[in-house]
Amino acid sequence: MFQDKYDVIVVGAGHAGSEAAAAAANLGCKTLLVTMSLQNIAQMSCNPAMGGIAKGQIVREIDAMGGYSGIVSDKTAIQFKMLNKSKGPAMWSPRVQSDRMRFAEEWRLMLEQTPNLDFYQEMVKGLLIKDNKIVGIRTSLGIEIKAKTVVLTNGTFLNGLIHIGDKQFGGGRAGESAAYGITEDLMQVGFESGRMKTGTPPRVDGRSLDYSKMNEEKGDEKPDKFSYSNLTKPLIHQKSCHMTYTSLDVHDILREGFDRSPMFNGRIKSIGPRYCPSIEDKINRFADKERHQLFVEPEGWNTVEVYVNGFSTSLPEEIQFKALRSVVGFENVKFFRPGYAIEYDYFPPTQLKHTLETKLVEGLYFAGQINGTTGYEEAASQGLMAGVNAALKVQEQEPLILKRDEAYIGVLIDDLITKGTEEPYRMFTSRAEFRTLLRQDNADYRLTPMSNAIGLASDERLKRMEYKFEESEKMVAFFKETSVSVAEVNPILEAKESALVNQSDKMFKIFSRPQIDLEDVLKLEKVQAYLNENPLDQEILEQAEIQVKYSGYIEKERNNANKLTRLEDVKIPEFFDYHKIKSMSIEAKQKLSLIRPITISQASRISGVSPSDISVLLIYMGR
C-alpha cells in the first residue's frame, strides 16, 4: 500500500496534527495523516469553543498564515464574543462557542479537499530511526511507511490513563484507546519524558436543565469573526450560553468523595493545568470561597448535549451526579457522560529547536500536548509551525521561525524550548512582553507577508491585507491633515464630558482623547463626506482608530522590540563550550549547555541565567 516515500508523515489528527498536515500539503509536500480514528479528526475533546484571552490572538495568527482553524471556527460558530472590550485593544480577544460535531466535520471536509494529502487509519506503534535520523513509522499491523520527516502530535494518547474516582483504565480520551510504543522508542534513543494530567467535566442533557433559574449569556450584538479571508461571514443568529453557581452545599457533597479522589489519594502523581483546575482542586485551594461560576455551554445548534464549564472533575461518578443535582437549575439533571481526568506522556520541550524539530533525531518534529501545552489553540499553532518547517526542510529551504515581537506563536514556542515547562503550559497575554504589537486586529499585517513569501498564505490574502493597510493609513493621514471647527466639535466634547476647544483643531488630536470613540468621529460632516467618497468596512475603520489612539504606545513598544532584536542578531555557535568561561556561574553553564540557545537574546530568557552571565558571554564573544 505504501511503496513511495512521503515527504511528511503527521501522526495524530487533533488540532495540532490537522494544522500540520494542511500546512505541509499546501506547501507542496506529499503528506500522510495517520490517526487511530478518521471519525474524530480535530475532535474537541474538552470545551466546545475556540479562542479566548490570548488564545483568540493565536487563532487569528494561524489564519493570517493560511491555516484552517479560523475558517473552521467561523463556519461552525454558534456564538461570538470579543472579550476584554473594556480594556485597550492589546487585550481584546475573540472567542467563539462552536458546534462540536460540525467543527470536526468541517475540518475533515477541508482536509479531504487539500491537494497532496493522504489519510490512513491505524495506530502508530513505533518510529523508524537510523543514524539519529527519522526514516519512517511502524503501525500496529507491522506496516512500515517511509518518510523524509515525521511530525508527532499525539495529544493525550501516549500511554494515556483515564481516572474516574477509584476506577482507572487505559485510554486517549473517553471511548478511545491509548497509544503505546512511541514513548518507549523515543526513550531508547535518549529522550527524556514525563507525565502530565488534564481533565474534563460531565456532559449533561440540556432538556433536564431549568434555564429560567440561570443567568443568560448572549453573544455580541454585532459579532465579528476570526478569519481575515472572505471565505466566512459573521454570525446572523446566535445561541446563548448560561451561567449558574456552585454553593456550600455542593462543596460539602464534593468533599464526601475526596477519599476516593485520584487527585488526593495519590493515584494521580502528575501535575494538572494551573489555570483550569478541577472543581475538587478549586474547593480545596480556595476553601474560603462560598461559590464558583459554572458556564452552561451548548454543544451545538441542534444537539441537547451541554458542557458544564468549570466543573472538571475526576471524582466518583455518583458524587459528580449528586453534587450537580444541588446546583441551581440542575435539580433534575441527567448525565450523558461523567467527567474524568487523564494522565499521559509528554516530552520536555527543551529537547526541541525553534523549528520544533528535535535536537536528538533529525527530521522528527513534536507539536501540541506532547510538548507540555494545554489547549486547542496552542496545539494548532505548534502544528502549523511544525508542518511548515518539516516541509521547508524537505524542500531544503530556510526554516520559518517567529520572533517574540512578531507573534504570540513566537512567544509560545520560545517559552517552551527556552524555559521548558513542568505543568501544562497555557498562553496568556501577560506572557508576551510586546502585547501592544501582537494584537488580534493586526495579525495579518504581521504574518501574512512572510507566510506568502514561503507559499502558504495565498496572493489573495496578501492583497486583502495590503488594501486594509493602505486604506487605514490613508484615513489616519486624513485625520492628521483635516481640521474640525469649534461649532461642530464642542457639542460632541460636551456630551462626552471632555474639555471644550476654543479654536479649530486637527481631527487626529480630538480623536486621540480617551473619551472620544469612533462613533463620535463618524458624526463629523467631513468624515461622512470622506467615507461617502471612500466606503470602508468596519475592520478598516477600527484599524484606523487603533492607530490614532495608541500610536504613542505602539511606537514605544516597537523601539523596545528593536533593542531586543539587536541581541537576536548576536548568534552563538552551535557547539559553543560554555564550561571554558571561568567567570560564568555553574548553573548558567549547565542550563546553556543543556538548552543550546541559538542567540544571546534566547540565552537571556533561560531561567537561571543572570544578566551578569549574559554580560560575560557578550564580552567573550567580542561584544
Side-chain angles (χ1 to χ4, degrees), residues 12 14-16 43-47 152-180 182-183 186-187 191-203 254 257-286 292 307-317 319-320 337-349 366-379 382 415-416 419-428:
H15 293 73
Q43 173 82 327
M44 291 181 136
S45 307
C46 202
N47 63 321
L152 293 185
T153 70
N154 303 87
T156 59
F157 281 75
L158 292 181
N159 294 320
L161 186 64
I162 291 174
H163 298 267
I164 303 176
D166 45 17
K167 306 177 184 75
Q168 61 182 48
F169 48 93
R173 56 183 164 226
E176 296 180 65
S177 63
Y180 304 102
I182 291 177
T183 296
L186 290 171
M187 291 181 71
F191 281 93
E192 175 194 346
S193 75
R195 296 283 278 176
M196 279 190 177
K197 168 242 166 190
T198 190
T200 193
R203 310 313 201 268
L254 290 168
F258 274 16
D259 61 327
R260 295 164 61 201
S261 165
M263 266 194 61
F264 299 129
N265 64 18
R267 283 180 179 270
I268 291 179
K269 296 180 174 64
S270 48
I271 300 172
R274 179 188 299 265
Y275 301 103
C276 189
S278 64
I279 189 65
E280 56 264 41
D281 195 20
K282 279 193 270 194
I283 65 173
N284 185 52
R285 281 166 51 191
F286 308 109
H292 293 282
Y307 180 89
V308 190
N309 195 338
F311 206 86
S312 175
T313 181
S314 57
L315 287 167
E317 64 275 16
I319 297 291
Q320 296 182 32
R337 37 190 167 148
Y340 62 88
I342 181 167
E343 288 186 288
Y344 55 93
D345 293 340
Y346 86 105
F347 292 82
F366 291 173
Q369 283 176 287
I370 191 172
N371 290 336
T373 60
T374 180
Y376 308 144
E377 303 83 0
E378 290 88 343
Q382 292 171 71
D415 275 357
L416 289 174
K419 300 173 183 175
T421 186
E422 294 178 354
E423 61 183 52
Y425 178 102
R426 178 180 176 183
M427 179 51 74
F428 289 102

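Computed from heavy atoms alone, side chains included, the values below leave out hydrogens, waters and symmetry copies.
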Measuring from [X]:[atom1] to [Y]:[atom2], what's the distance to the nearest 0.5 Å?
X      : Y      : atom1 : atom2 : answer
Lys197 : Ile271 : NZ    : CD1   : 11.0 Å
Ser45  : His15  : OG    : NE2   : 7.5 Å
Gln369 : Gln382 : CD    : CD    : 9.5 Å
Ile279 : Thr313 : CD1   : OG1   : 8.0 Å
Ile283 : Leu254 : CD1   : CG    : 4.5 Å
Ser270 : Glu422 : OG    : CD    : 13.0 Å

List the atom of [X], the atom of [Y], and the distance in Å for their closest heavy-atom pair.
X      : Y      : answer
Gly194 : Pro348 : N-CD, 4.4 Å
Gly257 : Pro316 : O-CD, 4.1 Å
Ala341 : Ser314 : CB-CB, 3.5 Å
Thr421 : Tyr346 : O-OH, 3.2 Å
Arg203 : Cys46  : NH2-O, 3.2 Å
Gln320 : Pro202 : OE1-CG, 3.5 Å

How about [X] and [Y]: do any of their side-chain heavy atoms sit closer than 4.5 Å?
X      : Y      : answer
Phe366 : Leu416 : no
Asp166 : Arg260 : yes
Pro201 : Asn309 : no
Arg173 : Thr200 : no
Tyr344 : Thr198 : yes
Leu186 : Leu152 : yes
Phe258 : Leu315 : yes
Glu280 : Met263 : yes

* Residues, nucleotides or ligands: over 12 heavy atoms within 6.0 Å of Arg274 CZ -> no
* Asked: According to the interplanar angle, ranging from 0 to 90°, do the rings of Phe191 and Phe347 count as parallel (below 30°), tilted (30 to 60°) or perpendicular (above 60°)?
  -> perpendicular
* Check the pair Ile162, Gln168 against side chain to side chain contact (heavy atoms under 4.5 Å, CB included), reporting the backbone distance first and the verdict last. => CA-CA 5 Å; Ile162 291 174; Gln168 61 182 48; over 6 Å; no
* Test applied, side-chain contact (heavy atoms from CB on, under 4.5 Å); reference residue, Pro262; option that passes from Lys269, Glu343, His163 -> His163
* To do: Could you check Glu377 against Met427 for side chain to side chain contact (heavy atoms under 4.5 Å, CB included), going step by step and ending with a plain yes or no?
  => CA-CA 9 Å; Glu377 303 83 0; Met427 179 51 74; over 6 Å; no
* Asked: Quick one: does Tyr376's side chain have a donor or acceptor within less than 3.5 Å of a partner on Asn47's backbone?
  -> yes
* Can you name the one residue among Thr374, Thr373, Asp415 that meets side-chain hydrogen bond (donor to acceptor under 3.5 Å, both in side chains) with Tyr425? -> Asp415
